[in-house]
Amino acid sequence: MPSEVSFSPWTALPDIPLGQETSLAETLDGGQSFRWTKNPGYYEGRWADQVCRLRIRNGQLEWSRPATVQGPPAQAALRHYLAAETDFKRLTDELPWRSDPVLQAAIAAFPGLRILRQPFAETLFCFLCSSTKQIAQIKAICELVAQDQGAPLADGSHALPTWAQIAEAGEARLRAAKLGYRARFIHQTALFLQSNPGWLEATEVLPTGSARERLLQLPGVGRKIADCVLLFGAGRLEAFPIDTWVQKLLSRAYGLSDWNLAHLQDFARIHFGPNAGLAQQYLFAAARAGIIAA
DNA sequence: GCACAGGTAGATT
DNA sequence: AATCTACCTGTG
């Protein structure tokens, strides 16, 4: 009965400059996370054991949570999730937009865009679900798996399952959640993680290059998914996921039509620099919005 | 009916 | 090393 649960009064998050509707929408519901839904006047989302609503009022971000929740303030978890300590305005200014009109247009369209800091294990699961699926379908699949296998949350909805829960539940339950061929990869990954306790936690804190190498050992994890997990689930802003959208926009807007993925990775690192992943998110958003050619 | 969707792995050239 | 192709399922 999620809809019957009352929520706490709205509380402002004054130091997170996300005061524009399109940028909030793109940050929460633009493909970084698959656990947010748009409602009249607010977004509602879940991560770990958290349930949260976010809205913009008078150009300021505000949050609310189920009134029944006890314990430590949700604000700390929310600030971590939104990477409150990261100054995206400054990092954006350090991107090469002055000499790159495509990037400049993308940044102008989504001022305040942020890179989320989602739970590492959940990010891995969600992006293992994502291959050749549209965002709406990925969200539907994640919700099905959560309802089937995840722990109940404060409002009666469900968390995503842990990797241990997925390992126990088996591949058939994943197939039932319409995961198709992804079910085998996900279950194999779950079994690997089950037999290697601490492996994922250790991977998360490794330098980006070695963390990526380890993620690539997991069944179903290639370069794109590994980079998404590093960028959206570990705050590694140098990770530059190249999906079909990014490949197309690099091809058309940057004239790199005959470059293979490895060469495009090199281009991104050299051209966009240490925060290439942030540039990627601006460009991805702008391409999907039809603002730049893709 | 059929191509395509925020890919990956394994085979083939 | 570059280029197929199978893999599930929903959508247009």
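What you see below is based on every heavy atom in this structure, not just the backbone, and it leaves out hydrogens, waters and symmetry mates. Residue numbering restarts at 1 for every chain, and letters A, B, ... go by the order of the sequence lines.
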For residues 81-88 of chain A, please give each side-chain donor-acceptor pair under 3.5 Å, one per line with the distance, not counting sequence neighbours.
residue: Tyr81(A); atom: OH; partner: Trp36(A); partner atom: NE1; Å: 2.9
residue: Glu85(A); atom: OE2; partner: Arg79(A); partner atom: NH2; Å: 2.9
residue: Asp87(A); atom: OD1; partner: Lys89(A); partner atom: N; Å: 3.3
residue: Asp87(A); atom: OD1; partner: Arg90(A); partner atom: N; Å: 3.1

Report, one line per pair, each donor and acceptor closer than 3.5 Å where one atom sits in a side chain of residues 279-294 of chain A; sequence neighbours left out.
residue: Gln280(A); atom: NE2; partner: Pro241(A); partner atom: O; Å: 3.3
residue: Tyr282(A); atom: OH; partner: Thr92(A); partner atom: OG1; Å: 2.8
residue: Arg288(A); atom: NH2; partner: Glu26(A); partner atom: OE2; Å: 3.3

Only pairs under 3.5 Å count here: list side-chain donor-acceptor contacts from residues 187-195 of chain A, not counting sequence neighbours, and write none if there are none.
residue: His187(A); atom: NE2; partner: Ala167(A); partner atom: O; Å: 3.3
residue: Thr189(A); atom: OG1; partner: Phe185(A); partner atom: O; Å: 3.2
residue: Thr189(A); atom: OG1; partner: Pro219(A); partner atom: O; Å: 2.9
residue: Gln194(A); atom: NE2; partner: Glu168(A); partner atom: OE2; Å: 2.9
residue: Ser195(A); atom: OG; partner: Leu191(A); partner atom: O; Å: 3.1
residue: Ser195(A); atom: OG; partner: Phe192(A); partner atom: O; Å: 3.1

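Taking atom C1' on both dA3(B) and dC8(C), the two are 15 Å apart, rounded to the nearest angstrom. Spacing between dA6(C) and dC2(B) at atom P, rounded to whole Å, works out to 16 Å. Between the P atoms of dT5(C) and dG6(B), the separation comes to 23 Å (whole Å).
The stretch residues 96-115 of chain A participates, sequence neighbours left out, in no ring pair (Phe, Tyr, Trp, His ring centres under 6.0 Å) pair at all.
Between His263(A) and Trp259(A), the angle of the ring planes goes over 60°, which puts this pair in the perpendicular group of the 30/60° scheme.
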Mind listing the N/O atom pairs, protein and nucleotides 1-5 of chain B, below 3.5 Å?
residue: dA5(B); atom: N3; partner: Thr132(A); partner atom: O; Å: 3.3

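No engagement by Arg184(A) is indicated, since no non-hydrogen atom pair under 4.0 Å with the nucleic acid exists. Heavy atoms of Gln280(A) sit under 4.0 angstrom from at least one base atom. Phe284(A) comes within 4.0 angstrom of a base, heavy atoms only.
Rounded to an integer number of Å, the gap from CD of Glu26(A) to P of dG6(B) is 13 Å. Rounded to whole Å, the distance from CZ on Arg288(A) to C1' on dG6(B) is 9 Å.
Scanning for salt bridge (charged side-chain N to carboxylate O under 4.0 Å, His left out) contacts around Lys139(A) gives Asp29(A), with sequence neighbours left out. Thr162(A) pairs by the side chain to side chain donor-acceptor pair (under 3.5 Å) definition with Gln165(A), not counting sequence neighbours. Legend: residues meeting salt bridge (charged side-chain N to carboxylate O under 4.0 Å, His left out) with Asp100(A), ordered by chain and number and at least two apart, are absent. Under the rule for a salt bridge (charged side-chain N to carboxylate O under 4.0 Å, His left out), the partners of Glu143(A) that lie at least two apart in sequence or sit in another chain are Arg35(A).
Contact footprint of chain A on DNA chain C: nucleotides with an atom under 4.0 Å from a non-hydrogen protein atom, first to last in 5' to 3' order, dA2(C) to dG10(C).
Annotation: cation-pi geometry not satisfied between Arg269(A) and Phe240(A) (NZ/CZ under 6.0 angstrom from ring centroid, within 45° of ring axis). Remark: Arg53(A) fails to qualify as a cation-pi partner of Trp63(A) under the 6.0 Å distance and 45° angle criteria applied to the six-membered ring.
Checked for salt-bridge contact, Arg223(A) and Asp243(A) miss the test: no charged N lies under 4.0 Å from a carboxylate O. Taking 4.0 Å as the cut-off between side-chain N and carboxylate O, Arg214(A) and Glu201(A) do not count as a salt-bridged pair.
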Contact pattern, 5' to 3', of nucleotides 8-13 of chain B - B, S or - by protein heavy atom under 4.0 Å: SS----
Intra- and interstrand pairs of DNA chain B - dot-bracket, Watson-Crick/G-U under 3.5 Å, | marks other strand: .||||.|||||||
